[in-house]
Structure formats: structure tokens, C-alpha cells
There are 2 protein chains.
Amino acid sequence: MFQALADPSRRFMVERLSRGPASVSELAKPLTMSLPAVVQHLQVLENSGLIRTEKVGRVRTCHIEWAAMQTAEQWMDERRKSWERRLDRLGEFLAEDGNQ
Amino acid sequence: MFQALADPSRRFMVERLSRGPASVSELAKPLTMSLPAVVQHLQVLENSGLIRTEKVGRVRTCHIEWAAMQTAEQWMDERRKSWERRLDRLGEFLAEDGNQ
DNA sequence: GGTTTACTTAAGCATATGCTTAACCAACAA
DNA sequence: TTGTTGGTTAAGCATATGCTTAAGTAAACC
């Protein structure tokens, strides 16, 4: 998941998709790479669970899967919480008599 | 930055560091890899801005740099916001007369 | 039926990544 | 001063990643 977001082109696609669904070629248009390259990126994003795609006729439409995005946010949130707990304990310690 | 968080060992180190500072060998202990490998991971984390390290005597102490962590959180937050704006517009559209 | 359009599959390739081992150095400790 | 500890540097290597081109397939269009 972080792996999937590690690539700039893939983040660019996610940015585009966060403004609404898009087809493969729509996603490819602003990029300078070949279409197969775009599809490979989309596969990485799909395997990571960050997007979902659906083929109707001959066009494949992609949308963001927010559940996965939240997982990443959650991970960082937990790091922050455990950091804050630490600061709290430190504060309590410093507030105790004789620890100044 | 996402790149730096993409590796499980590096996330493990960040998890450890979110509970407080640690030396290189303290970080290495729970891992199965060699010490140079650990140092290489730390360099990636430091270059990404996610951690800061400081050498005193012969021990290097590492701590998390929260500003960088927030940058990643912010990015995801903005994606979510632009998604919510979209849903709002969609809601408004559906609420208009004749769009049902 | 023939052609364009929208992908898909497969193969190959250059560079990046995540390790390893083998030396090395510098701060303590005995 | 000799060893030990904590880390560093360098080189090499296997696999992963991010592309490419070339050749499909299959739905729409004329």
C-alpha cells in the first residue's frame, strides 16, 4: 500500500481519481509514458487495494477505494498516538516532585 | 517519503522510534538482517526527512521527525477532501429539481 | 465486412533496491 | 596498550521495478 503510493506516476493517478472515476486512456493522457506502462501502474494500485476497476464494453473505468487509503492514514495516526502517549508520560514524569 | 515508508523493515523502525529515540544497534536487535543493512535503511529514512540522527561519542541516536510524517498524512487528507467536494457537488446535483 | 478504438499480453531491458560479506575506524574499558 | 563495542565504507550480487516495443483481442463504428 505504501509501496503502491511510492511511485510519483501512481500518486498522480490517485490524485486524478480522487476527483472522480476515469478510464485507462483518460488516466494515460497527461502522462508521457506508453499505455502498457499505465496499465501496469494500475495493476499495482489495484493489487494494493487502493483502486477498483471495472470493464464495461471495451473501456475500463477506475475508481478509488477509500477503505485502503484509510488504512494508510490509520497507520500514521497510530504512530502519532503512541508518540503522544510518550510525551504524556514524559510530562507526568517532569511534573512529579523533584524532577525539575 | 512514501518511498521510504514502502519497506516493511523501515516501517518497523519507524514504529519503534515512535515510542521514543533509539540507537542503531537497538534498532537492529529485533531485525534479522546485518548491521550495514540497518544503517542503509536508516539512511533512506533520514534522506526522506522522516527521521533525524545524531552521533554522540560512538553511538548514533535516531528520532522521528514529525513534520515529514505530517506531510504524508496531509497528502492523503487532501485527496479525501477533494473526494468529499466531489460528493458534495454530486449531492447538490441530485437535490436539484428533476434530477431523480 | 473492414477499420478504428481501447485496451491486453508478452518479452526484454536498464536501473534501483535490499541485502550480503569483508575490511576499517574511532571511542571507551581493562 | 590492547581489546571490545558501535558503527562505517566499499564492493558485489540477486531480485524487483519501471519502462519499452511488438503483436494480439475485442467492442464500436461505418
Side-chain angles (χ1 to χ4, degrees), chain A residues 1-17 19-65 68-69 71-72 75 79, chain B residues 1-17 19-65 68-69 71-72 75 79:
Chain A
M1 252 229 18
F2 280 110
Q3 182 66 270
L5 289 174
D7 184 87
S9 310
R10 282 195 296 261
R11 279 200 302 278
F12 188 82
M13 291 180 195
V14 168
E15 277 175 37
R16 168 63 189 82
L17 289 175
R19 291 196 297 275
S23 72
V24 172
S25 33
E26 270 176 316
L27 284 170
K29 205 161 287 175
L31 271 0
T32 56
M33 64 186 89
S34 70
L35 216 141
V38 172
V39 174
Q40 280 164 36
H41 281 305
L42 287 173
Q43 268 159 11
V44 173
L45 286 171
E46 190 163 20
N47 290 339
S48 79
L50 278 167
I51 70 166
R52 210 159 22 90
T53 80
E54 195 184 354
K55 196 163 185 177
V56 174
R58 62 185 165 168
V59 8
R60 176 173 300 279
T61 310
C62 316
H63 5 57
I64 286 204
E65 192 59 64
M69 203 71 161
T71 306
W75 184 85
R79 291 319 115 226
Chain B
M1 252 229 19
F2 280 109
Q3 182 66 271
L5 289 174
D7 184 87
S9 311
R10 282 195 298 261
R11 279 199 303 275
F12 188 82
M13 293 180 194
V14 168
E15 277 177 35
R16 168 63 191 79
L17 289 176
R19 292 195 297 275
S23 72
V24 173
S25 34
E26 271 176 315
L27 284 171
K29 205 162 286 175
L31 270 1
T32 56
M33 65 185 88
S34 70
L35 215 141
V38 171
V39 175
Q40 280 165 37
H41 280 306
L42 286 173
Q43 268 160 12
V44 174
L45 285 171
E46 191 164 19
N47 291 339
S48 80
L50 278 168
I51 71 167
R52 209 160 20 93
T53 80
E54 195 182 355
K55 197 165 185 176
V56 174
R58 60 184 167 171
V59 7
R60 176 173 298 279
T61 311
C62 316
H63 5 56
I64 285 204
E65 192 59 65
M69 204 72 159
T71 307
W75 185 85
R79 291 318 115 227

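Computed from a predicted structure; not experimentally measured. Throughout, protein chains are lettered first and strands after them, A, B, ... in sequence-line order, and every chain is numbered starting at 1.
Between B/L17 and B/C62, the closest heavy-atom pair is CD2-O, 3.3 Å. Taking every heavy atom of both residues into account, B/S9 and B/H41 meet most closely at CB-NE2, 4.1 Å. In this structure, A/S48 and A/A68 approach most closely via the heavy-atom pair O-CB, 4.4 Å. In this structure, B/M1 and B/A72 approach most closely via the heavy-atom pair CE-CB, 3.2 Å.
B/E46 meets the side-chain hydrogen bond (donor to acceptor under 3.5 Å, both in side chains) test with B/T53; sequence neighbours excluded. Partners of A/R52 according to the salt bridge (Lys or Arg N to Asp or Glu O under 4.0 Å) rule, which considers only residues two or more places apart in sequence or in another chain, are A/E65.
At a threshold of 4.5 Å between non-hydrogen side-chain atoms, the residues A/V56 and A/T61 do not count as touching. A heavy-atom distance below 4.5 Å is found between the side chains of B/M69 and B/V14. Using a 4.5 Å heavy-atom cutoff, the side chains of A/Q3 and A/V44 are not in contact.
In terms of position along DNA chain D, the nucleotide closest to B/V39 lies nearer the 5' end than the nucleotide closest to the other residue of the pair B/V39 and A/P36. The residue among A/V24 and A/Q3 whose nearest nucleotide of DNA chain C lies closer to the 5′ end is A/V24.
With rounding to the nearest 0.5 Å, the separation of CZ in B/R10 from CD in B/Q40 is 10.5 Å. The distance from the CD1 atom of A/I64 to the CD atom of A/E15 is 9.5 Å, given to the nearest 0.5 Å.
Nucleic acid contact class of B/E26 (heavy atoms, under 4.0 Å, all strands): none. In this structure, B/Q43 reaches neither bases nor backbone, as no heavy-atom distance under 4.0 Å exists between it and the strands shown.
Within residues 28-35 of chain A, the residues approaching DNA chain C are A/L35, by heavy-atom distance under 4.0 Å. Near-neighbour residues of DNA chain D inside residues 4-17 of chain A, defined by a heavy atom below 4.0 Å, number-ordered: A/D7, A/S9, A/R10. Residues of residues 52-64 of chain B that place a heavy atom closer than 4.0 Å to DNA chain D, in numerical order, are B/K55, B/R58, B/V59, B/R60.
Using modelled atom types, no side-chain atom of A/R16 and backbone atom of A/L27 make a donor-acceptor pair closer than 3.5 Å. The backbone N or O of A/L5 lies less than 3.5 Å from a partner atom in the side chain of A/R11, making a donor-acceptor pair.
On the nucleic acid side, DNA chain C has its first and last nucleotide under 4.0 Å of a heavy atom of chain A at C/dT5 to C/dT9, going 5' to 3'.
Within the structure, every side-chain polar atom (N or O) of B/S23 is placed at least 4.0 Å from both OP1 and OP2 of D/dG6.
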